Amino acid sequence: MDLTGERSQKITPRHLRRHAYLYVRQSTLRQVVENTESTERQYALRQRAVALGWPIEQVVVIDRDQGHSGASAADREGFQQLVRDVGLGRAGLVMGLEVSRLARNSTDWHRLLEICALTETLILDEDGLYDPAHFNDRLLLGLKGTMSEAELHVLRARLRGGIINKARRGELEIPLPIGFVYDGQGRVLLDPDQQVQETIRAFFQAFRRTGSATATVKAFRDQQLLFPRHVRHGAHKGETLWGPLEHSRTLWLLHNPRFAGAFFFGRSRQRHTAEARLVYERLPREEWTALIPNAHAGYMTWEDFEENQRRLRENAQANGADRRRSPPREGPALLQGLAVCGICGDRMTVRYHQRHGTVWPTYVCQRRGIARAEPICQSIPGRGLDHAIGRLLLETVTPLTLEITLTVQHELQTRLDETDRLHRRAVERARYEADLARRRYLQVDPANRLVADELEAHWNRALQQVADAQETYERQRHADRLAVDADARARILALATDFPRLWHDPHTPDRERKRMVRLLMDDVTLIKAADGLTAHVRFRGGATTTLTLPAALNAWQLHETSAEIVSLIDQLLEAHTDGAIATMLNARGYVSGTGQRFHRRIVLKIRRSHRLRSRYARLRDRGMLTQDEIATRLDVCVDTVKIWGRHGLLRRHLCNDKHACLYEPPGPNVPIKMQGRRLSDRRRRDLLPDQTSEVQYEA
Ligand SMILES: [Zn+2]
């Protein structure tokens with residue numbers, strides 16, 4: 001194009017008074033290194049700006065985005081600066097190699113065009129000079145942007161398509177797991193290193209023999225065998241390192257089809273979440289891009305591989321899902337997910353076992369144990385601990401204490417923000433002083449030694465002050481400053497009012513109880529010693545407290561009924577049956593050694609195991625008679641005794657819960673032979689002087 005012609009039309013002195021911006025962009029670090037030719041072309045544009053009339057010192061080069069991806073403007077500092085300067089009317093001209101690639105997406109590009117048009121800024125690339133305020137130029141530039149985006153898309157798709165096609169044919173060269181190498185023609189062979197080969201074979205044999213990944217790790221550890229791995233990055237790339245076999249690696253090896261000689265591709269998928277986080281998803285086998293069994297040599301057959309998969313699946317089910325760290329699940333362990341091992345710092349997991357119909361939790365630190373097949377770090381019976389945590393919460397959580405805590409928290413937070421600002425300013429000031437000192441030092445004539453020395457010392461002191469201020473600032477910033485936001489605050493307060501009722505309500509599910517604990521506690525660090533258990537509780541908001549519990553009792557100790565209850569039962573037996581005693585104990589809020597409500601059979605068991613005399617024996621001791629005995633004594637039949645008893649003519653006492661009674665011996669004036677007669681009031685009064693009500697009795 002005729003630049004001189006363009007110049008006469010488009011470039012005015014107004015443009016030339018402003019700066020010319022050269023925007024240099026390469027999208028990856030690799031391009032920066034390898035594609036120096038394009039860099040040179042970009043800088044050559046500078047000469048064109050000079051040719052168009054801009055003084056060389058008015059050409060601003062922006063090349064800060066080198067090494068950044070151009071996919072979004074948000075993280076590209078250089079592009080932001082360009083847009084800002086154009087917007088402020090500082091730019092007369094914007095230059096770029098393929099100018100539409102200034103921005104990698106249309107939105108960014110159109111925004112830049114808009115701003116250029118408003119500020120009368122020209123655009124220059126290798127093809128020509130454009131004025132975005134002119135309709136034709138604007139149209140052309142817009143198209144260029146769209147084309148460039150489309151091109152990028154096509155390029156990407158083509159690249160991906162090429163990869164997928166190759167993968168479908170099993171011809172894609174991807175990094176191989178340990179034990180395999182490529183030959184010169186890209187074929188996969190077993191690693192010629194015999195030690196590597198033998199170790200891998202030994203690994204799969206160990207799994208076949210033991211049937212579990214954990215046991216395989218253990219076998220390797222017991223035999224002190226090391227396992228090889230490739231170094232993939234860094235100075236030692238490509239070398240083989242030997243180290244202990246870990247559980248996670250064992251699983252990775254067992255699940256990798258390549259060891260069975262199968263080629264596979266696309267087993268997982270990357271995906272961006274809404275927060276722009278990259279997540280990897282494992283896909284089911286049907287959705288893999290490619291899976292080609294018997295594609296190359298392997299360490300086992302495809303059938304062996306499938307058999308291993310089946311075993312691993314079974315093991316996974318047997319081991320249950322509560323291994324993984326997780327949000328509250330069903331199951332009563334209060335501290336599930338919150339317990340931290342005070343010995344090694346790992347999260348502790350929960351194991352449950354069932355006894356007497358109750359589920360008993362145990363907190364276990366076993367992660368490292370599983371990974372390296374070592375004994376577990378510590379295991380702590382959870383029941384007593386959970387009770388103690390529950391009590392602690394009930395004592396701690398009152399609306400008043402919470403309100404105070406939150407208020408103090410808020411004040412602290414405000415003060416922290418203030419001091420933060422102050423410290424930051426102190427750092428800035430120290431930096432400014434140091435900068436000043438530096439400039440003074442640089443400006444002095446070196447021949448003037450005395451002054452120079454003094455200024456250098458001053459500069460050094462200023463630098464020291466910067467370091468000090470910076471250190472103070474950092475230290476203060478790292479100080480504990482756990483914020484409680486307004487939302488959490490409201491929830492915590494609402495909970496406090498209702499807390500004791502909810503906690504005790506038997507209908508409250510375990511999951512909810514655990515949520516309450518999580519709302520109020522950050523974590524609980526557990527250390528078990530011979531003389532007891534220490535639990536360091538960290539509440540939300542930073543408060544801490546330490547619980548010490550006596551050493552966890554053995555199962556039989558835990559189940560033992562307290563002496564208090566035994567003696568109480570002993571007393572109650574004087575006047576009540578087992579069933580009645582159970583009801584009374586429950587009413588007074590006692591629970592059995594296993595934490596259950598009492599019922600007749602539990603009282604019976606306790607009575608027997610503590611050799612308490614039965615109610616029957618006690619009544620007999622007091623001279624009570626059986627039905628037969630009293631029938632003989634009164635010379636009536638047993639049925640009559642029952643009837644008289646039922647109507648209160650004979651005093652009787654229940655001796656068990658099946659309506660069996662013992663009778664008080666009749667007084668000396670009880671007549672013989674009353675059967676079949678109607679009792680007169682006088683007779684009845686004689687028999688039972690305290691009985692005043694009317695009794696109508698028909699034989
Ligand atoms: Zn531990």
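Order of listing sets the numbers, starting from 1, for every ligand and every atom in it. Just so you know, residue 1 is the first one in the sequence shown, and it goes up from there. In this text the structure is predicted, and so the values were computed from the model without any measurement.
For the Zn ion (ligand 1), protein N, O or S atoms closer than 2.8 Å were enumerated as C341 SG, C344 SG, C365 SG, C377 SG, with waters left out.
Ring geometry for H296 versus F180: interplanar angle over 60°, hence perpendicular rather than tilted (30 to 60°).
A distance-only check finds a donor-acceptor pair linking the side chain of Y352 to the backbone of A333 [under 3.5 Å].
Scanning for side-chain contact (heavy atoms from CB on, under 4.5 Å) contacts around V517 gives L334, L335, L338, L393, W503, M521, with sequence neighbours left out. Residues meeting the side-chain contact (heavy atoms from CB on, under 4.5 Å) test with D193, sequence neighbours left out: D191, Q195, V196.
Of the candidates T544, D523, T545, R538 forms a side chain to side chain donor-acceptor pair (under 3.5 Å) with just one, namely D523.
The stretch residues 385-394 participates, sequence neighbours left out, in these side chain to side chain donor-acceptor pair (under 3.5 Å) pairs: Y363-D386.
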